[in-house]
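Presented below is the structure to which this report refers.
Just the heavy atoms: all of them, side chains too, but no hydrogens, waters or symmetry mates, feed the values below. If you're wondering where the values come from, they're calculated on a predicted model, not measured in any experiment. Each chain gets a letter, A, B and so on, in the order the sequences are listed, and its residues count up from 1.
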Amino acid sequence: MSDLKVRLRSIVEALLFISDQPLSKAKIVSVVDIPEEEVNQILTDLTNEYSRADRGFQLREVAGGYRLYSHPAYASYIEKLILSFDHRRLTQAALETLSIIAYKQPVTRADIASIRGVNSDGVVNTLINRGLIKELGKQDAPGQPILYGTTNRFLESFGLRSLNELPPLDEFSPDDPTF
Amino acid sequence: MSDLKVRLRSIVEALLFISDQPLSKAKIVSVVDIPEEEVNQILTDLTNEYSRADRGFQLREVAGGYRLYSHPAYASYIEKLILSFDHRRLTQAALETLSIIAYKQPVTRADIASIRGVNSDGVVNTLINRGLIKELGKQDAPGQPILYGTTNRFLESFGLRSLNELPPLDEFSPDDPTF
Amino acid sequence: MALPYQLKLEMFEGPFDLLLNLISRQKIDIYEIPIAQITREYLDYVDSFQEFDLEIGTEFLLMAATLLDIKAANLLPKKEEPADEDDVSPQEGREVLIARLIEYKKFKNVSGELTARYEAESKYYPRDAGLEEQFDGLIPDFLAGLSLGRLRRMFLAVYDKKEINLMQADHITPKPLSVDEYVKRLKERLKGLKMKSFRELTNDCTDKVELITMFLAVLELYKRGKVELGQAEVFGEIMIIVNDKPGVVV
């Protein structure tokens with residue numbers, strides 16, 4: 001492979017590596033600024049390379065684009081690792097993020113990160129996977145970031161008929177002993 | 001490489017791939033159930049492999065463990081793809097305060113103010129929100145002031161494996177007469 | 001010496017930062033600081049803050065006072081008899097100041113090094129994609145036992161924290177506080193006490209203006225002879241000692 005080719009392959013690989021959602025070809029084309037045929041070639045090369053070299057991850061085409069996944073052959077080890085994690089950190093982060101989305105919806109990932117002070121992408125994905133939040137559309141702003149809001153499942157989980165039933169923020173609330 | 005070796009390497013790679021925090025050797029040893037020397041070998045192999053093949057990501061030892069990072073050469077493309085909030089610039093005041101905490105920990109707010117010559121509460125709060133410092137406990141002194149120290153996120157943000165890797169403070173004495 | 005007019009005044013990270021800047025402009029060794037000259041320049045600079053209608057932190061004024069103190073002590077004829085133990089000689093005052101400047105400068109230098117590291121590091125992005133859907137079931141249900149009230153409190157906690165930081169970044173017109181009001185409050189706080197440090201008294205102060213007003217209130221009580229003040233060392237704790245001479249009621 002030529003140096004330029006290696007470089008382009010590495011750039012696409014870096015983008016896939018960092019992305020927390022499927023990357024569309026159109027997105028790769030616009031970020032790397034190369035023709036779609038070249039992107040196709042790189043994606044095929046990467047897919048083959050990973051499988052030939054028995055990597056721990058795979059490149060798969062899923063709804064909306066390409067995404068790296070851990071190799072299913074090693075799922076049992078991954079499960080063992082996840083079970084060994086301390087989940088309190090995740091829980092705290094997930095609940096904070098959920099409360100921000102519930103009260104400030106529609107919000108973008110950038111809004112959430114700016115309120116929490118840290119990147120919250122992983123947590124947003126977890127909440128999506130849990131069916132508690134969903135995409136509402138795109139913000140009419142540069143980059144057209146995705147707007148998120150809570151789902152019906154969120155309402156059900158809390159026994160709410162509608163979002164209007166969320167406790168008001170400005171109401172004076174005495175310390176709740178039952179917490 | 002033997003089949004078994006390839007398989008073990010892929011398992012470790014899969015674990016590194018899905019982890020959202022640095023993975024300690026001890027963790028890998030316990031999940032994969034192989035001796036530490038083998039884990040060492042695999043980690044070295046992976047590091048070399050990634051750099052030899054010009055991959056879009058790198059394996060680095062930070063904050064007491066190993067974690068995959070995108071290759072810094074492609075940072076501009078990644079920035080184009082995502083908005084990063086973890087890497088907002090820190091102000092001079094924040095970095096001064098962080099340096100004092102890093103070298104003098106555990107320290108109180110009063111210690112910091114006394115070295116900087118100004119009240120640094122606002123900056124300390126910012127550093128807490130950014131997850132770079134945390135409360136370590138209370139000083140056994142009148143008023144029981146809170147003691148602060150750096151977090152693992154601090155080590156990660158500065159690419160340090162441990163606090164021992166901080167450059168020795170004495171080298172930074174102002175010995176130059178003209179400053 | 002008049003400072004050249006600049007459209008925008010350089011902002012300093014504190015009195016030590018300003019002092020170091022003045023010293024480095026003179027290209028003199030930190031150990032050879034000419035106190036008289038540096039004091040004048042420092043005061044000029046602090047004055048120019050006022051000309052530009054900028055707030056001056058109490059810290060800057062405190063340093064000005066310290067410099068003047070050392071300068072004044074330098075000018076006074078040397079005492080024959082051994083000085084009072086509490087008195088800091090001009091030489092000692094100068095040495096303390098230099099030691100503190102050097103301590104600060106060390107951290108300022110190392111923070112430059114850390115900045116370079118931080119910037120290099122910001123080009124590495126860790127993989128932070130969260131769990132794949134198939135492994136999601138392994139995480140315990142974090143909604144278990146969560147009440148709506150707690151969700152609300154959680155939001156307020158994380159959102160309020162943010163608000164405070166935003167406000168610190170903004171320039172806000174300070175709301176006028178009445179010293180009289182603080183004198184009353186202070187008397188209330190000191191009731192039945194023998195002694196309290198200024199730090200303890202101002203633990204709950206949320207901004208500088210409040211802190212300064214409290215300080216003025218302390219000075220007012222001192223003027224009225226209701227309290228004595230003590231400070232063991234430069235920048236040390238300021239102790240407010242309630243004057244318990246008979247007949248004096250705080």
Under 4.5 Å from any heavy atom of chain B - which part of E13(C): both

E119(C) versus chain B, the contacting section by heavy-atom distance below 4.5 Å: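 It is the side chain, since no backbone atom gets that close.
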
What part of [X] lies closer than 4.5 angstrom to a heavy atom of chain C: side chain, backbone, both or neither?
| X | result |
| --- | --- |
| L166(B) | side chain |
| Y74(B) | neither |
| S19(B) | backbone |

Can you name the nearest heavy-atom pair linking [X] to [Y], along with the distance?
| X | Y | result |
| --- | --- | --- |
| E132(C) | I18(B) | OE2-CG2, 4.0 Å |
| G159(B) | E121(C) | CA-OE1, 3.3 Å |
| R130(B) | Y118(C) | NH2-OH, 3.2 Å |
| D17(C) | Q92(B) | OD2-NE2, 4.0 Å |
| Y103(B) | V110(C) | OH-CG2, 3.2 Å |
| L95(B) | S111(C) | O-CB, 3.6 Å |

Report the distance from atom [atom1] of [X] to atom [atom2] of [Y], rounding to the nearest 0.5 Å.
| X | Y | atom1 | atom2 | value |
| --- | --- | --- | --- | --- |
| I115(B) | Y104(C) | CD1 | OH | 11.0 Å |
| L90(B) | L114(C) | CG | CG | 10.5 Å |
| I100(B) | E103(C) | CD1 | CD | 8.0 Å |
| K108(C) | S99(B) | NZ | OG | 10.5 Å |

Within 6.0 Å of CZ in F135(C), more than 12 heavy atoms from elsewhere: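 Yes - once you tally the heavy atoms of other residues, nucleotides and ligands closer than 6.0 Å, there are more than 12.
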
K104(B) NZ: over 12 foreign heavy atoms closer than 6.0 Å: no

Verdict with reasoning, T97(B) to F107(C), per side-chain contact (heavy atoms from CB on, under 4.5 Å): CA-CA 8 Å; T97(B) 306; F107(C) 285 104; over 6 Å; no

Partner chain B: residue of T115(C), L19(C), L62(C) with the largest heavy-atom pair count (under 4.5 Å): T115(C)

Which of E237(C), E200(C), E113(C) touches chain B most, by non-hydrogen pairs under 4.5 Å: E113(C)

Heavy-atom donor-acceptor pair, R116(B) side chain to P15(C) backbone, under 3.5 Å: no

Any donor-acceptor pair under 3.5 Å from R127(C) side chain to L68(B) backbone: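 Absent.
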
Proximal to chain C - members of residues 53-65 of chain B, heavy-atom separation under 4.5 Å: Q58(B), R60(B)

Check: Y125(C) and E79(B) side chains under 4.5 Å, non-hydrogen atoms: yes

R100(C) side chain reached by S114(B) side chain, heavy atoms, under 4.5 Å: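 The answer is yes, as the side chains (C-beta and beyond) meet within the 4.5 Å cut-off.
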
Mutual orientation of the aromatic rings belonging to Y124(C) and Y69(B) [parallel < 30°, tilted 30-60°, perpendicular > 60°]: perpendicular

